[in-house]
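Order of appearance sets the numbers: ligands from 1, and atoms from 1 within every ligand.
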Amino acid sequence: MTELSKATHIQWQQYQIDAAARARLKGHQSTVLWFTGLSGSGKSTVANALEQELLARGVHTYLLDGDNVRHGLCADLGFSEADRRENLRRVGAVAGLMVDAGLLVLSAFISPLREQRELVKSMLPPGKFLEIYIATPLEVCEQRDVKGLYKKARAGEIAHFTGISDPYEAPLAADLVLNTAQSSLEQSVDKLLALLASKGVIV
Ligand SMILES: Nc1ncnc2c1ncn2[C@@H]1O[C@H](COP(=O)(O)OS(=O)(=O)O)[C@@H](OP(=O)(O)O)[C@H]1O
Ligand SMILES: Nc1ncnc2c1ncn2[C@@H]1O[C@H](COP(=O)(O)OP(=O)(O)O)[C@@H](O)[C@H]1O
C-alpha cells in the first residue's frame with residue numbers, strides 16, 4: 001500500500017519466476033541508474049551514449065526520459081512541486097517493474113529535490129538505485145540552451161523553470177558526479193561502466 005492507495009482488499013500475488021531468475025537468464029544484474037541535473041546538463045546525452053555501449057555488450061536496457069514520459073504516462077502533469085513529485089513517483093513505479101523484469105534502467109529526469117529522489121529510491125529494492133549527479137554548472141547549461149528554454153525562462157515566458165525560478169538541490173552522496181563541461185562524453189561513459197562493474201551489475 002502507498003500513500004495514494006485507494007483500493008482495499010488487495011494482496012501481493014506471488015509467482016515462481018522472480019527477479020533473480022530473470023537476471024540469471026540475462027547474464028547481468030538489474031538496477032536503476034538515476035541521472036539528475038539541470039536541463040541541458042547532459043543527462044540525455046550521457047544516458048544515450050551509455051545505453052549504446054551497454055547494448056553492444058549485450059546488456060538489456062531501457063531509457064526513461066523526462067521529455068518522453070511527459071508525452072504519455074505523465075501527460076497530465078506540469079512542473080509545480082506536487083506535479084514533479086507525482087511525475088517521479090510514477091517513473092519510480094515503472095522503473096521498479098523494469099528492475100523486476102531484469103533490465104538495467106537508465107532514467108534521465110531533472111528530479112530537482114532530494115525528497116523526490118529519496119521517494120524513488122524508497123520504491124526500489126535495496127541497492128537498486130544508483131544516483132548519478134550531472135553537475136554541469138547552470139552557466140554552462142544556460143549557454144548551451146539546447147531547446148531555447150532558458151531564454152524563455154529568463155524572459156518570464158516559462159514559470160517554475162529549474163535553476164532560474166525553481167530550486168535544484170544537489171545530491172549530498174551521489175554514487176557518481178559528472179560535469180560534462182569538464183569531461184568528454186567518452187570519459188563519462190567510461191566512468192559509468194566502471195561504476196556498474198564495481199557494483200557487480202555488469203561483468
Ligand atoms: N519549468 C520547467 N522546468 C524544467 N524543465 C522544463 C520546464 N518546462 C519544460 N521543461 C522541459 O521538461 C523537461 C524536464 O522534465 P522532467 O520530467 O525531467 O522534470 S522533473 O524531474 O519532473 O522536474 C526538461 O528536459 P531536459 O532539458 O531534458 O531536462 C525541459 O525540456
Ligand atoms: N562532454 C559532454 N557530455 C555530454 N553532453 C555534452 C558534452 N559537451 C557538450 N554537450 C552537449 O550538451 C547538451 C546536453 O543536453 P542534454 O543531453 O539534452 O541535457 P539534459 O538531458 O540534461 O537536458 C547536448 O547538446 C550535448 O551535445
Near [X], which atoms of ligand 1 are under 4.0 Å from a heavy atom of that residue?
X    : value
D67  : 11 (C), 12 (O), 13 (C), 25 (O), 28 (O), 31 (O)
S39  : 26 (P), 27 (O), 29 (O)
I158 : 1 (N)
S111 : 20 (S), 21 (O), 23 (O)
F161 : 1 (N), 2 (C), 3 (N), 4 (C), 5 (N), 6 (C), 7 (C)
H160 : 1 (N), 2 (C), 3 (N)
K43  : 29 (O)

With a 4.0 Å heavy-atom cut-off (strictly under), which part of [X] contacts ligand 2: side chain, backbone, both or neither?
X    : value
S183 : backbone
I134 : neither
R144 : side chain
T45  : both
S184 : backbone

For ligand 1, note which part of [X] has a heavy atom under 4.0 Å away: side chain, backbone, both or neither.
X    : value
V69  : neither
A159 : backbone
V146 : neither
F79  : side chain
T162 : both

P112, any N or O under 3.5 Å of ligand 1 N or O: no

Considering only the protein, which heavy-atom contact is closest to [atom], and what is its distance?
atom                    : result
atom 23 (O) of ligand 2 : G40 N, 2.7 Å
atom 21 (O) of ligand 2 : S44 OG, 2.6 Å
atom 15 (O) of ligand 1 : R70 NE, 3.4 Å
atom 30 (C) of ligand 1 : L149 CD1, 3.5 Å
atom 13 (C) of ligand 2 : V146 CG2, 3.7 Å

salt_bridge(E81, R85) N-O dist < 4.0 Å: no

Main-chain N/O of V203 paired with H28 side-chain donor or acceptor, under 3.5 Å: no

Whether S30 side chain and L104 backbone form a donor-acceptor pair below 3.5 Å: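 Looks like no, no N/O pair under 3.5 Å.
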
Verdict with reasoning, F35 to F109, per ring-ring contact (aromatic ring centres under 6.0 Å, His included): CA-CA 6 Å; F35 294 86; F109 294 83; over 10 Å; no

Polar atom proximity, K147 to ligand 2 (N or O, under 3.5 Å): no

Test of proximity, V46 against ligand 2: N or O pairs below 3.5 Å: no

Shortest reach to atom 23 (O) of ligand 1 by a heavy atom, considering only K152, K147, R84: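 Looking at heavy atoms only, R84 sits closest to atom 23 (O) of ligand 1.
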
Option with minimal heavy-atom separation from atom 5 (N) of ligand 1, where the choices are L77, D83, I110: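 Residue with the shortest heavy-atom distance to the ligand atom: I110.
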
Over all atoms of both residues, closest heavy-atom pair of [X] and [Y]:
X    : Y    : answer
N87  : R70  : ND2-NH2, 3.3 Å
D76  : D83  : O-OD2, 4.5 Å
Y168 : S111 : CE1-O, 4.2 Å
V189 : L50  : CG2-N, 3.9 Å
S41  : T136 : O-OG1, 2.8 Å
Q116 : P112 : OE1-CD, 3.0 Å

[atom2] on [Y] to [atom1] on [X], rounded to 0.5 Å:
X    : Y    : atom1 : atom2 : answer
L88  : L119 : CG    : CG    : 8.0 Å
Y133 : D175 : OH    : CG    : 14.5 Å
L185 : N48  : CG    : CG    : 8.5 Å
E142 : L38  : CD    : CG    : 10.0 Å
L178 : I134 : CG    : CD1   : 4.5 Å

Could a heavy atom of [X] be found less than 4.0 Å from some atom of ligand 2?
X    : answer
G37  : no
L38  : yes
A108 : no

Any Q116 heavy atom less than 4.0 Å from ligand 1: no

C74 to ligand 1, any heavy atom closer than 4.0 Å: no

Subset of ligand 2 atoms that lie under 4.0 Å from at least one heavy atom of S39: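 What qualifies from ligand 2 is 23 (O).
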
ILVMFWY cluster, L103 and L55 together (side-chain gap under 4.5 Å):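 No.
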
Residue pair D65, K43: steps toward the salt bridge (charged side-chain N to carboxylate O under 4.0 Å, His left out) verdict: CA-CA 9 Å; D65 174 273; K43 301 180 298 294; over 6 Å; no

Contact check, side chains of V146 and C141, non-hydrogen atoms, under 4.5 Å: no

